[in-house]
Asks: 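Below: one structure in structure tokens.
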Amino acid sequence: MKLAVYGKGGIGKSTISCNLSIALARRGQKVLQIGCDPKHDSTFTLTSFLIPTIIDTLQAKDYHYEDVWPEDVIYQGYGNVSCVEAGGPPAGAGCGGYVVGETVKLLKELNAFYEYDVILFDVLGDVVCGGFAAPLNYADYCLIVTDNGFDALFAANRIVASVREKARSHRLRLAGLIGNRTQQRDLIDKYVEHCPMPVLEVLPLIEDIRISRVKGQTIFELAESNPQLHEVCDFYLNIADQLLSAPEGVIPKELMDRELFSLLSDFYLNPQTNVEPEVGVDFLMI
Ligand code: ADP
Ligand code: MG
């Protein structure tokens with residue numbers, strides 16, 4: 001199974017990816033996580049250090065693919081999850097998406113691409129240019145991480161459009177949304193009401209998750225010494241179990257930008273549309 005985790009920058013993709021990878025490994029899967037964000041910290045909490053990127057390694061070997069060995073680019077992380085970082089192009093030069101293509105090409109040449117039960121791509125989704133959409137060419141399921149705010153849902157809607165487009169040429173489905181760092185889900189619910197898709201899980205803001213990033217460890221690793229955190233692990237295990245049950249998923253139909261603006265802004269401007277005006281409102285009209 002190949003998974004592509006998308007979402008706006010900083011929304012929590014890597015945190016979810018690392019913990020979900022472990023959750024899938026705990027369920028007996030052989031997992032490879034590929035960081036495709038130029039930030040190249042996708043696998044940081046699995047390995048506790050910034051591993052060399054594919055692009056660093058290729059540059060060091062003068063792009064001689066035949067000189068690259070699996071151990072140069074694939075690192076073992078916590079929970080038996082294998083880790084790769086694609087890396088980014090030099091600032092202002094090249095395209096991040098090209099890097100994703102090179103990464104898959106190299107992994108195929110190393111015969112590593114078909115060796116895993118699950119490959120999870122952790123991908124930036126602010127701009128879904130051709131290159132960043134590349135993992136969708138390999139994925140069976142796309143997962144989108146969002147919070148309950150406009151920007152993340154706007155990015156989600158752009159990703160939805162890419163999924164619809166890619167699903168025309170191969171068997172890609174949207175598994176659903178994962179709400180992150182939010183207690184509220186009114187805007188998420190409003191969005192899925194108009195653009196139907198499953199909501200797999202909604203995680204609140206959890207201080208221990210923030211701390212886990214600073215410590216360079218996943219929640220699963222921290223739970224070894226703090227049993228209270230098993231509750232948090234259950235969020236990720238739940239997502240893993242849903243994916244392993246081979247859900248049908250959806251081919252979504254994105255909203256027009258205008259539609260999305262009015263849907264979510266309406267809600268911002270008139271959050272109490274259906275509520276009777278309070279006594280005293282009349283004074284405002286004088
Ligand atoms: P992305 O990969 O989308 O750029 P990250 O996974 O790196 O985002 O998360 C950004 C920051 O938010 C990190 O410091 C992470 O620890 C924190 N974070 C993610 N999810 C949560 C959560 N549910 N509660 C609290 N902090 C979170
Ligand atoms: Mg990330």
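Atoms within each ligand, like the ligands themselves, are counted from 1 in listed order. One-based numbering along the sequence shown.
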Asks: Establish, from distance only, whether the side-chain atoms of S42 and D122 form a donor-acceptor pair under 3.5 Å.
Replies: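 Note: S42 and D122 side chains meet the donor-acceptor criterion.
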Asks: Is there a donor-acceptor contact under 3.5 Å linking the side chains of E201 and N238?
Replies: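 Looking only at side-chain atoms, N238 and E201 do form a donor-acceptor pair, the distance falling under 3.5 Å.
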Asks: For atom 18 (N) of ligand 1, which of the options K215, R210, R181, K13 provides the nearest non-hydrogen atom?
Replies: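 Considering heavy atoms of K215, R210, R181, K13, the nearest to atom 18 (N) of ligand 1 sits in R181.
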Asks: Closer than 4.0 angstrom: is that true for some heavy atom of C18 and an atom of ligand 1?
Replies: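 Heavy atoms of C18 never come under 4.0 Å of ligand 1.
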Asks: Confirm or rule out an N/O/S atom of T15, from backbone or side chain, lying less than 2.8 Å from the Mg ion (ligand 2).
Replies: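 So T15 does not count as coordinating the Mg ion (ligand 2).
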Asks: Looking at the rings of Y6 and F121, which for Trp means the six-membered one, are their centres under 6.0 Å apart?
Replies: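 No: the rings miss the under 6.0 Å criterion.
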Asks: Do the side chains of R213 and D41 get close enough for a salt bridge, i.e. N-O under 4.0 angstrom?
Replies: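 Counted as a salt bridge, because a side-chain N and a carboxylate O are separated by less than 4.0 Å.
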Asks: Consider ligand 1: state whether an atom of it lies below 4.0 angstrom from any non-hydrogen atom of G7.
Replies: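 Distance cut 4.0 Å: G7 fails for ligand 1.
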Asks: Tell me: protein heavy atom nearest atom 13 (C) of ligand 1, and distance?
Replies: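 Scanning the protein heavy atoms, the shortest distance from atom 13 (C) of ligand 1 goes to R213 CG, 4.0 Å.
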Asks: Just say parallel, tilted or perpendicular for the rings of F220 and Y236, cut-offs at 30° and 60°.
Replies: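 The rings of F220 and Y236 sit tilted, inter-plane angle from 30° to 60°.
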Asks: Does the residue K39 have a heavy-atom contact with ligand 1, meaning some pair of atoms that are separated by less than 4.0 Å?
Replies: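 Contact check K39 vs ligand 1: positive.
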Asks: With no hydrogens and no angle check, just 3.5 Å: does a side-chain donor-acceptor pair link Q217 and T45?
Replies: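 Judged by distance alone, the side chains do not pair up.
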Asks: For atom 20 (N) of ligand 1, what's the nearest protein heavy atom and its distance?
Replies: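 Answer, as residue, atom name and distance: N180 ND2, 2.9 Å.
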Asks: Which residue supplies the protein heavy atom nearest to atom 25 (C) of ligand 1, what is that atom called, and how far is it?
Replies: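 Minimum-distance protein heavy atom for atom 25 (C) of ligand 1 reads I206 O, 3.1 Å.
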Asks: Between ligand 1 and L205, is the shortest N or O to N or O distance under 3.5 Å?
Replies: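 For ligand 1, there is no N or O atom that lies under 3.5 Å from one belonging to L205.
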